[in-house]
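Here's the structure, in structure tokens; my notes come after.
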There are 2 protein chains.
Amino acid sequence: MESKKTDRRIQRTQEALRNALVELILEKGYPKITVQNIIDRANVGRSTFYAHFLDKDDLLVSGFRAWAFDLSRNVGDGENTPDDGHIIHSQDFFLHADHHRDLYRAMLESGGGNLILKVGQEHIHHQIESHLVELLGGKELPIPLPFITNYLAGALLSLIKWWIEEDIPFDALQMDAMFQAMAMPGIRDAIMGNSNTR
Amino acid sequence: MESKKTDRRIQRTQEALRNALVELILEKGYPKITVQNIIDRANVGRSTFYAHFLDKDDLLVSGFRAWAFDLSRNVGDGENTPDDGHIIHSQDFFLHADHHRDLYRAMLESGGGNLILKVGQEHIHHQIESHLVELLGGKELPIPLPFITNYLAGALLSLIKWWIEEDIPFDALQMDAMFQAMAMPGIRDAIMGNSNTR
DNA sequence: TACGATATCGTACATTTTGTTCGATTATTA
DNA sequence: TAATAATCGAACAAAATGTACGATATCGTA
């Protein structure tokens with residue numbers, strides 16, 4: 001018998017812990033944080049912490065799950081037609097990063113957010129991959145699809161990181177426009193088979 | 001009076017520690033490693049470890065310094081003329097990664113190698129940046145240079161990561177050729193203004 | 001070969017962190 | 001109000017951290 005009120009109580013506790021973690025990441029970086037720091041900041045008992053999470057890492061990824069879920073819901077919302085020249089919906093990633101600046105900063109700025117960076121990279125990778133797959137069907141490519149998606153995901157994540165960390169004064173749409181400008185010509189060549197290197 | 005022999009002795013100790021660290025990173029990931037693990041594996045006394053390094057991180061970055069130095073020496077060795085179509089010497093990065101597969105794997109595979117990943121990214125970033133700067137002089141760009149270099153560095157590092165971790169059966173030259181094919185059209189557009197290949 | 005310098009060893013130690021246990025306390029629901 | 005469930009917080013063992021120091025091993029040189 002789960003009651004809805006107690007669920008909310010649990011949620012409050014977990015959220016307090018997650019918020020404390022984000023704050024601490026911004027202050028001292030993920031690796032230097034101890035469980036003690038987190039529960040002190042969140043005003044949560046030691047045993048309560050371990051009742052919910054295995055350790056620091058577990059808390060971090062659990063927080064990232066919710067965040068990534070929000071991302072999946074949003075990506076692809078704007079335009080469903082790939083005919084408008086947007087083969088990949090990079091715009092959604094920039095917008096999402098813009099809406100969650102604090103979290104992104106916490107994740108990316110600290111050297112310890114790397115676990116997250118890896119998961120994020122995979123997430124972006126899959127998003128791009130599915131878009132390309134539906135566009136190509138089973139067509140043969142001069143460049144393997146995983147190569148393309150890793151290329152794009154790496155470039156995209158790196159740009160978001162730079163954009164957020166350095167507070168670059170472009171908005172999400174400008175960032176996306178430049179990203180598309182950089183990426184599209186190469187993608188077109190790779191897909192259509194124009195090899196014009198050299 | 002520094003004697004050369006004792007220098008070598010120190011070097012041996014430090015190298016043993018670094019090797020132990022790389023082994024352990026491959027086995028259990030950087031964050032889970034303790035100083036105790038390292039000195040046990042390396043057969044080095046506890047006090048000796050702290051005589052050389054402040055902590056785990058210090059050992060890691062010191063190892064990375066040597067590695068990055070080797071990279072700087074090698075990058076740009078092959079072709080010094082940018083006229084052969086290679087605006088960026090990505091080839092050197094792929095070759096270097098190929099020659100140091102174990103180290104790269106250790107650095108990239110573990111979630112904890114992120115400190116290194118960050119430094120590596122900056123390194124790649126600067127390499128690419130200097131090449132572009134010497135090519136452009138002070139010319140105005142429709143897309144800011146840091147945007148381009150972050151885009152390229154991110155894509156390149158992501159591909160190296162994928163290539164090494166998944167043991168993708170391409171050689172360094174093939175990887176580079178595909179990277180150039182993906183990146184060059186976008187770079188040309190960004191630098192020359194818009195449209196057209198020559 | 002034997003000496004002197006110095007790098008390393010390894011134990012001991014105080015401190016911090018970890019993860020667990022358990023009874024007391026507080027909040028929520030019926 | 002009474003039952004239920006989540007949280008608190010103190011106590012604990014185990015492990016890791018970083019320091020100190022005397023003993024030992026190594027290496028160049030006399």
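No hydrogens, no waters, no symmetry mates; every other heavy atom, side chains included, goes into these values.
Here CG of B:D40 is found 9.5 Å from CG of B:L24. Values are rounded to the nearest 0.5 Å.
A:S47 comes within 4.0 angstrom of a nucleotide base, judged by non-hydrogen atoms across all strands.
Here the C1' atom of nucleotide D:dT26 and the CD1 atom of B:I10 are 12 Å apart, to the nearest Å. We find that NZ of B:K28 is positioned 8 Å from P of D:dA16, with the value rounded to whole Å. When rounded to the nearest whole Å, the span between OH of B:Y50 and P of C:dC13 equals 18 Å. One atom, CG of A:L24, and another, P of C:dT17, lie 13 Å apart when rounded to the nearest Å. For the pair B:F49 CZ and D:dT19 P, the interatomic distance rounds to 11 Å; values are reported in whole Å. The CZ atom of A:R8 sits 11 Å away from the C1' atom of C:dT28 (whole-angstrom rounding).
If you check distances only, the side chain of B:R9 does reach the base of D:dT26 with a donor-acceptor pair under 3.5 Å. Looking at B:T48, its side chain has no donor and acceptor atom pair within 3.5 Å of the base of C:dC9.
For A:Y151 and B:W162, the gap between ring centers reaches or exceeds 6.0 Å.
Among the nucleotides D:dA16, D:dA6, C:dG19, the one closest to any side-chain atom of B:T34 is D:dA16.
Phosphate contact (OP1/OP2 of C:dA7, side-chain N/O of B:H52, threshold under 4.0 Å): absent.
A:K56 places a side-chain N or O within donor-acceptor distance of the main-chain N or O of A:Y30, the cut-off being under 3.5 Å.
Closest of all the heavy-atom pairs between A:L95 and A:A172 is CD2-CB, 3.7 Å.
Nearest-nucleotide positions on DNA chain C for A:V35 and B:N43 put B:N43 closer to the 5' end.
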